Amino acid sequence: MFNISESQKKVLSIWAIIACLIFALVILLAITVKREKENVYESITAKNSNELIDRNRYYTIKSAITKYYSYLNMKDYDAVLKILDENYKDKNNITKNNLKNYLTDTDKQLSYESKVMCLKSIKKGVYTFVTEGTEIASNTGDKIGDKYYQITMNGNTSLFSLMPIDKSTYQEVCNEKA
């Protein structure tokens, strides 16, 4: 049907081989990218059963903490007060007038670098996590110290509250030994 010379057959064969090589290279690249993503995922997971392994939740919680620190840096204490856990505020009688007594150094611009997050509980779509991280002076990059938080998030509405906790509470939830 087609009248193809031997030289044209060789050229078509070479192009077919090149196409197969390119296809194989694309597949190999896709597999490599997938493995790199899995490695990033593994860096978020912990060595025990309570550590947070869901990347979406990890970054959602991280965003909640970032929002908290943004409000602190803007000195928007009304917003900070709204984010703080109601039980924490009630237990410590925290009001707008005494809020600064319960906050970190409000004279510095701060950020938070989370290290490990663990799932504490899930009840009726409400997730509670604890996190360990380092507070950092944004202007200098100096590490201020380790901070621990409990974040409660409604999975249906994405509303959240935050409560500072101590290291022992964090370790208890994450099954770590001191």
Side-chain angles (χ1 to χ4, degrees), residues 33 35-122 126-155 158-178:
V33 168
R35 285 186 181 159
E36 286 179 16
K37 285 182 180 179
E38 288 172 356
N39 288 341
V40 168
Y41 185 69
E42 288 170 7
S43 70
I44 293 172
T45 61
K47 302 167 187 93
N48 61 55
S49 62
N50 285 346
E51 184 143 348
L52 183 60
I53 57 173
D54 182 339
R55 263 192 298 198
N56 292 331
R57 294 213 192 280
Y58 174 88
Y59 289 113
T60 301
I61 297 302
K62 188 173 179 176
S63 293
I65 296 170
T66 299
K67 183 179 277 191
Y68 171 74
Y69 275 89
S70 294
Y71 290 148
L72 283 177
N73 291 332
M74 292 185 302
K75 299 186 185 329
D76 186 350
Y77 300 122
D78 289 329
V80 170
L81 201 57
K82 288 179 185 175
I83 288 176
L84 287 177
D85 183 81
E86 290 297 324
N87 293 331
Y88 176 73
K89 288 189 292 188
D90 291 343
K91 180 180 174 185
N92 294 294
N93 295 317
I94 299 174
T95 65
K96 188 175 178 180
N97 296 331
N98 67 359
L99 177 62
K100 283 188 177 183
N101 299 336
Y102 294 91
L103 301 176
T104 21
D105 189 351
T106 56
D107 294 331
K108 296 179 182 175
Q109 293 291 307
L110 301 171
S111 63
Y112 185 80
E113 183 180 295
S114 56
K115 296 177 187 174
V116 178
M117 291 181 196
C118 300
L119 178 62
K120 183 177 179 183
S121 66
I122 305 172
V126 177
Y127 297 82
T128 303
F129 303 94
V130 296
T131 182
E132 171 189 27
T134 304
E135 206 169 60
I136 299 170
S138 299
N139 300 341
T140 62
D142 294 338
K143 293 184 178 184
I144 307 296
D146 289 336
K147 290 288 185 177
Y148 304 89
Y149 293 104
Q150 176 177 299
I151 297 93
T152 302
M153 176 163 286
N154 185 324
S158 295
L159 295 174
F160 71 94
S161 66
L162 179 141
M163 174 174 66
I165 59 173
D166 58 21
K167 184 176 182 176
S168 63
T169 303
Y170 165 80
Q171 289 175 329
E172 181 181 307
V173 171
C174 289
N175 298 323
E176 291 185 1
K177 305 294 183 239

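If you're wondering where the values come from, they're calculated on a predicted model, not measured in any experiment.
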Task: Among Asn98, Asn93, Asn92, the one residue meeting side chain to side chain donor-acceptor pair (under 3.5 Å) with Thr95 - done: Asn98
- [ ] For Glu132 and Lys115, indicate whether the former's side chain and the latter's backbone hold a donor-acceptor pair under 3.5 Å.
- [x] no
Open item on the list: For the backbone of Leu81 and the side chain of Lys89, can you confirm whether one donor and one acceptor N or O come within less than 3.5 Å of each other?
Closed with: yes
Task: Point-to-point distance, once rounded to the nearest 0.5 Å, from OH of Tyr71 to NZ of Lys82 - done: 8.5 Å
Open item on the list: Give me the atom names and distance for the closest heavy-atom approach of Leu110 to Ala137.
Closed with: CD2-CA, 4.2 Å
TODO: Could you tell me the separation between the OG atom of Ser121 and the CZ atom of Phe129, rounded to the nearest 0.5 Å?
DONE: 9.0 Å
TODO: Write down the atom of Ser161, the atom of Asp85, and the distance for their closest heavy-atom approach.
DONE: OG-OD1, 3.3 Å
Open item on the list: I need the Gln171 CD to Asp166 CG distance, nearest 0.5 Å.
Closed with: 9.0 Å
Task: Nearest-0.5 Å distance, OG1 of residue Thr128 to CD1 of residue Ile122 - done: 9.0 Å
- [ ] Compare all side-chain heavy atoms of Met153 with those of Thr60 and state whether any distance is below 4.5 angstrom.
- [x] yes
TODO: With sequence neighbours excluded, tell me which residues meet side chain to side chain donor-acceptor pair (under 3.5 Å) with Glu113.
DONE: none
Task: Nearest-0.5 Å distance that lies between atom CD1 in Ile94 and atom CD in Glu86 - done: 10.0 Å
Open item on the list: Could you report the tightest heavy-atom contact between Tyr112 and Gly133, atom names first, then the distance?
Closed with: OH-N, 2.8 Å
- [ ] Report yes if some heavy atom in the side chain of Pro164 is under 4.5 Å from a heavy atom in the side chain of Tyr102; otherwise report no.
- [x] no
Task: Inter-residue atom distance Asp78.CG - Lys96.NZ, 0.5 Å rounding - done: 3.5 Å
TODO: Taking salt bridge (charged side-chain N to carboxylate O under 4.0 Å, His left out) as the test, write out the residues that go with Asp90, two or more places apart.
DONE: none
- [ ] Applying salt bridge (charged side-chain N to carboxylate O under 4.0 Å, His left out), name anything that partners Asp76, two or more places apart in sequence or on another chain.
- [x] none
Task: Minimal non-hydrogen separation, Ile151 against Thr131, with atom names - done: CD1-CG2, 3.6 Å
Task: Test item: Leu84 and Leu99 side chains (from C-beta on) under 4.5 Å apart, heavy atoms - done: yes
Task: Side-chain H-bond candidate by donor/acceptor type, Ser70 with Asn73, under 3.5 Å - done: no
Task: Side-chain heavy atoms of Lys67 within contact of Phe160, under 4.5 Å - done: yes
Open item on the list: Is the ring pair Tyr68/Tyr149 parallel, tilted or perpendicular, if the boundaries are 30 and 60 degrees?
Closed with: perpendicular
Task: Closest non-hydrogen atom pair between Ser111 and Ser138, with its separation - done: N-OG, 3.5 Å
- [ ] May I ask you to test the Glu135-Tyr69 pair for a side-chain heavy-atom distance under 4.5 Å?
- [x] yes
